[in-house]
Amino acid sequence: MANPDSSTDPSVLPEDDPTRRDVILVGAGAFAVIGGAAVLWPLLDQMNPDASALSMASTSVDVGHIEEGQAITVMWRGKPIFIRHRTKKEVEEADAVKLSDLVDPIARNANLPEDAPATDANRAAPEKLPWLIMIGICTHLGCIPKGQAVGDYKGEYGGWFCPCHGSQYDTAGRIRKGPAPQNMYIPPYKLTSDTKIKIG
Amino acid sequence: MAHPSSYKPSTGIEKWIDARLPIPRLMHDQFMVFPTPRNLNYWWTFGGILTFMLAIQIVTGIVLAMHYVPTADGAFDSVEKIMRDVNWGWLLRYSHAVGASMFFLAAYIHTFRGLYYGSYKAPREILWILGVLILLLMIATAFMGYSLVWGQMSFWAVTVITNLFSSLDAVIPGLGTTLVQWIWGGFSVGGPTLNRLFALHYLLPFVIAGVVILHVWALHMPGNNNPTGVDVKSPKDTIPFHPYYTIKDGFALVMFLILFAFLLFYAPNYLGHPDNYIPANPLQTPPHIVPEWYFLPFYAILRAIPNKLFGVIALISAISILFFVPWLDTSRIRSTTYRPIYKWFFWLFAITCLALGYLGSQAPEGWYLFFGRVFTFYYFAFFLLVMPIVGLIERPKKLPGSITQSVLGSSEGPQAAEAPRPAREPVPEGVA
């Protein structure tokens with residue numbers, strides 16, 4: 001090793017043209033990283049909801065037969081949608097709650113601006129206040145709260161009660177007590193006639 | 001333990017292989033003549049038991065996959081078909097399900113053995129970290145496997161656990177929801193979710209097997225710890241792995257398999273939840289969601305914290321804190337046998353884990369919630385307060401001069417009259 005071969009060992013090369021060498025090295029490295037990321041993306045994105053899942057976008061429901069005090073559950077995008085025809089007393093109770101008493105003061109209504117306050121009017125169906133249409137999934141860990149069937153325990157606030165970890169919702173589907181951080185979500189929907197709703 | 005190879009290829013074929021891929025040499029040096037401390041007790045047999053259980057899970061799992069259908073419509077029915085129609089299907093499925101429980105039982109005993117005898121201390125930190133990694137992989141694998149039955153408990157366990165990631169919405173709005181939909185492959189837990197959990201459930205056991213090889217490699221560099229925690233000092237302290245420990249491990253394995261067989265043949269559903277024999281129903285949550293018994297302590301910790309995000313952080317920390325144990329414990333004495341103060345805290349910790357397991361099976365309200373919080377506090381205090389502080393203030397009992405001395409009594413030991421050391425002074429390294 002008395003005479004290191006200066007033509008192949010980069011550590012003993014004379015520093016004749018460091019700039020050119022650096023550009024090639026950094027350029028090749030950057031190209032490999034970008035190429036790797038481009039290949040990685042399809043491998044990750046394939047897990048996102050596919051075209052068939054996205055195509056189940058809307059569902060129509062006839063709510064004409066639901067009497068005051070009754071509720072039904074329909075499926076939309078694999079999720080349960082609670083549709084409750086609330087009694088006058090339930091609407092009045094929900095309307096009387098001050099915003100400052102709420103755990104989550106935001107309406108969580110996909111049909112309204114993101115920062116709309118969680119008043120009863122902002123939660124209920126427009127111009128049909130007895131109707132409450134929302135995604136029936138507890139915002140804690142995704143269980144389905146009790147309160148749709150006649151004999152169900154509805155919690156201290158008369159709305160819904162999640163059996164998993166004890167979250168309690170009022171008659172406007174707003175979280176009042178327990179570990180859930182947010183009000184139950186209102187899906188995007190339209191009233192297509194006096195008795196028909198199109199969700200999604 | 002790095003020791004000179006004593007393998008002597010005798011036949012022409014052995015010499016031919018030895019010059020090309022010396023696997024016979026590796027097996028001879030590492031599993032036949034490997035110098036092993038002469039005083040290992042039965043708590044040291046669970047490594048072998050765990051290797052055997054991993055093999056059982058992989059073999060039964062592969063044959064079950066030949067009959068299982070990973071679709072939302074077909075999964076539950078295919079499991080029942082395995083139970084009723086497939087030849088020996090009941091045996092294969094019950095072996096796999098009860099086997100998972102036995103695997104965790106052995107893994108927890110193995111982990112507590114390592115904790116008690118200080119097997120995580122220098123020079124075995126990487127060995128310990130690989131073990132914790134195996135435990136994490138086991139937890140992920142078992143969770144995914146349980147989901148495949150697609151009964152009510154399967155479905156709602158997946159719903160609750162995947163929703164844990166939605167707590168990230170509290171950090172960056174929308175991040176958690178995006179991540180959860182990516183995991184689901186939809187807007188709720190469904191067929192695509194089941195399909196990918198099946199793919200990963202098939203993959204992970206082989207990843208575990210790979211890490212097990214690294215774990216054994218990391219074990220064979222320093223060699224086994226032992227009940228005294230004193231390093232091997234002379235060849236007198238060791239005996240060859242075979243036949244001494246192959247026989248001892250084999251006997252322990254048979255005892256363990258008797259318990260396995262009892263549960264398998266007489267109480268195969270004892271450790272399961274009856275609700276998982278109800279097909280998954282996305283419109284109805286079971287009144288009481290509980291995980292399998294081996295996750296109950298962690299579930300109790302999750303529920304002890306009233307905030308969703310911090311509950312999830314506590315759950316993850318409860319397992320990942322184990323990675324840091326080699327540096328949290330400040331004592332240089334390995335074996336808890338010689339640590340009079342730490343011993344009490346250690347057994348209190350063991351009771352805490354059992355108590356959390358019980359509380360995890362109960363509804364989180366009233367006294368259950370109160371004690372859940374008390375024990376959650378001690379769970380973390382054990383690692384973050386007891387381990388660093390007790391190691392500094394404790395005066396340990398006198399260590400035996402050598403492994404041989406601890407086995408044969410003081411008259412045989414080479415350094416019988418050694419004075420007790422203060423806690424922080426390092427134990428002399430082994431000379432073997």
Hey, can you pull the donor-acceptor pairs under 3.5 Å for the side chains in residues 133-147 of chain A, sequence neighbours left out?
| from | atom 1 | to | atom 2 | distance (Å) |
| --- | --- | --- | --- | --- |
| A:Thr139 | OG1 | A:Gln182 | N | 3.2 |
| A:Thr139 | OG1 | A:Gln182 | O | 2.6 |
| A:His140 | ND1 | A:His165 | ND1 | 3.3 |

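- In this structure, B:Gly185 and A:Ala53 approach most closely via the heavy-atom pair O-CB, 4.4 Å.
- Between B:Gly186 and A:Pro49, the closest heavy-atom pair is N-CG, 3.6 Å.
- Below 4.5 Å, heavy atoms of chain A meet heavy atoms from B:Trp156, B:Thr159, B:Val160, B:Asn163, all part of residues 152-163 of chain B.
- Closest heavy-atom contact between B:Ser188 and A:Gly78: OG-O, 3.2 Å.
- Put simply, the side chain of A:Asp50 does not reach to within 4.5 Å of the side chain of B:Pro192, judged on heavy atoms.
- Within a 6.0 Å radius of OH in B:Tyr270, no more than 12 heavy atoms belonging to other residues, nucleotides or ligands are found.
- With a threshold of 4.5 angstrom between heavy atoms, B:Leu164 approaches chain A through its backbone and through its side chain.
- Residue-level contacts of residues 26-43 of chain A with chain B do not occur; threshold 4.5 Å between heavy atoms.
- Atom OH of A:Tyr185 has more than 12 neighbouring heavy atoms from other residues, nucleotides or ligands inside a 6.0 Å radius.
- Between A:Asp45 and B:Trp182, the closest side-chain pair of non-hydrogen atoms is not below 4.5 Å.
- Contact annotation for residues 301-314 of chain B against chain A (heavy-atom separation below 4.5 Å, listed by residue number): B:Leu302, B:Arg303, B:Pro306, B:Lys308.
- Of the atoms belonging to A:Pro179, heavy atoms from both backbone and side chain fall under 4.5 Å from chain B.
- Shown here is A:Gln46, whose CD atom has more than 12 heavy atoms of other residues, nucleotides or ligands within 6.0 Å.
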